[in-house]
Structures are given as structure tokens and as C-alpha cells.
**Q** 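Have a look at this one before I ask anything.
Here, residue 1 is the first one in the sequence, and each next residue gets the next number. Order of appearance sets the numbers: ligands from 1, and atoms from 1 within every ligand.
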Amino acid sequence: MINSYPQALTIAGSDSDGSAGMQADLHTFFARGVYGASVMTACVAGNSYGIHASVPMPTDFIDQEFADLADDYHIRAAKTGMLADSELIEDVVKNYQAADFGPLVVDPVIMTKHGNQLLEESAFNTLRTKLIPLATVLTPNFYEVQKIAEMTIHNDDDMIMAAKKMQAMGAKNVVAKGSHADNQQTTVRDYILLASGEGFWLSEPYHQTDRVNGTGDSLSACITAELAKGTPMKQAIEIAKQFVNTAIGHPIEVGHKFGPINHWAAQDRSYN
Ligand code: PXL
């Protein structure tokens, strides 16, 4: 039957080394058995040492990408990644609202693991007021939580307060990722706030490795893939946490520095 196979969409930047951005999302969709389509918002040149050039796509090109997918495919869940500036955020919001692409996972990509800024500071407010209200799930990392909620996180109570603040901005569910700042830590703890108001912590083993590029992209992509298949929200988040943790825990040797995670770890560990 036409379009019966689950299809997910990433609205993101292309990362030339394949470790993050759209490529990490598509790897994840594939690994989770979901067909992956993409709307490219920007094109990034980089490798495991860092990002060296970046070009935003013209908005009329992005409009055409959305229109072509809406005309033909049945996208059941979508996610956003790098959106670069206010103009791109507003264009993506306009297109997503006109389309019928299912739940939206917003990964508010601000900064890379190398410390390159991927969203202009002047766009933070557009993110808060235009995109976050559309988010079925918002997946900020520790740095992004503090930028979006405009507060410094010192303890668990701060994290819970920040998650509530982001839900008040319109995000239905929030996955607020914990700090990785301490090399001695044995676990990573994320705070999850569901649309029902239920809040809980999810803990995973901490792996000391440089093979961590694209972890946030892959987490949000895995949630998207699960939502496209109809997995309930809490389970989708738990599956995604475990998927990324397994991928970090079984590194592949690609690149010299901050290399990619192993999206295939859960299926086939023969390369480890
Ligand atoms: O992982 C964040 C990210 C998102 N999108 C693009 C990237 C990166 C990090 O390198 O290049 C396009």
C-alpha cells in the first residue's frame, strides 16, 4: 500500500563528516527501521577536529523541500536540528504548520561538541517564542537548558524548575539532559517532564570517550523514529536513551578527535 511504511523527517543541517546533524539523524532512522527523509537547512563543512565553514540554505529552497515531501510522502514524525538564525526558524515554523508531518521533536541545537556556535544568539528568542511552542518533545542538553531557561543549573531543583519553565513556553514534553562536566562521574542523569506533569530522572552509565559527536542529534532522532512507529512517548524516550548509550559505549574508530558514535552497536557489534 502506498506510504504504509513509517517515514520520519529531519529538518537539519548537513554535517560533511557524517557524525552529526542530518547524517546522524538518518543513520538513526535507518538503525531503528524507519524510512528517513530530510529538509536541509544549512550545509556545514567539518571533521572530527571542528567545523570550518557553514552556509544557510535559501528559504525558498527550504519551502520547496517541504512542498515536495508534503506532495508525495506520509511523514509521521519530524525533528529539527540546526536552524542557524531567526529567518530559518520562522521559515521552518511556517512550513511545519502548513504541513501534516505528525509530532515534532525540537533539538535546540546551539553549540557543537567542538564549541562552534550553530544558532545565532539573536535567534534565541525566536526559538523560545516560535518553535518551542510547537514542540511535542524538546531535547536540550545541559548548556541549552541554561540558555533557553535563562538560569544557571546548580542542582536537581534548578533542573526541575528549568524543565517546568520550558514546558510553560509550550513544549509538551521535555528531556533535559544532565551535565557531563565531571570526568569522574559514573552516571549521567537526565530529567524528563512529560505532558501529564509526571517528572522523573533517567540514569545511564557514563562512558569516558571522545567518540561523542552527534549524541544529541541521535537521541532526538531516535525519539522521532519511535514516534513515527507509534511508540508511546515515555517508552520512546527510554528507548532513545538506551540506543544512544549503547552507541557511545561501543565506539567505532573514525576520525582523530571527536568522532561519531556507533549507531549500529545495538544490531551488530562485530566491528568493535
Ligand atoms: O551535533 C550538533 C550538530 C548539529 N547539526 C550539524 C552539526 C552539528 C555538530 O557538528 O554539524 C549540522
**Q** Under a 4.0 angstrom heavy-atom cut-off, which atoms of ligand 1 come close to Leu118?
**A** 3 (C), 4 (C), 5 (N), 6 (C), 7 (C), 8 (C)
**Q** Between Trp264 and His250, is the gap from one ring center to the other below 6.0 Å?
**A** no
**Q** Determine whether the side chains of Gln23 and Ser14 contain a donor N or O and an acceptor N or O closer than 3.5 Å.
**A** yes
**Q** For ligand 1, which atoms sit closer than 4.0 Å to a heavy atom of Gly13?
**A** 12 (C)
**Q** Write down the atom of Thr136, the atom of Asn173, and the distance for their closest heavy-atom approach.
**A** O-ND2, 2.8 Å
**Q** Could you tell me which atoms of ligand 1, counted from 1 in the order shown, lie closer than 4.0 angstrom to a heavy atom of Ile51?
**A** 10 (O), 11 (O)
**Q** Which residue owns the protein heavy atom closest to atom 4 (C) of ligand 1, what's the atom, and how far is it?
**A** Asp217 OD2, 3.1 Å
**Q** At what distance is the nearest protein heavy atom to atom 6 (C) of ligand 1, and which residue and atom is it?
**A** Gly21 CA, 3.7 Å
**Q** Distance to 0.1 Å, residue and atom name: give those for the protein heavy atom nearest to atom 11 (O) of ligand 1.
**A** Asp15 CG, 3.3 Å
**Q** In this structure, which one of Leu138, Leu119, Thr80, Val109 forms a side-chain contact (heavy atoms from CB on, under 4.5 Å) with Leu127?
**A** Leu119
**Q** Do the rings of His114 and Phe258 sit parallel, tilted or perpendicular, given the 30° and 60° boundaries?
**A** perpendicular
**Q** Nearest protein heavy atom to atom 9 (C) of ligand 1, by residue and atom, and its distance?
**A** Thr112 CG2, 3.4 Å
**Q** Strictly below 4.0 Å, N to O, side chains only: are Glu226 and Lys229 in salt-bridge contact?
**A** yes
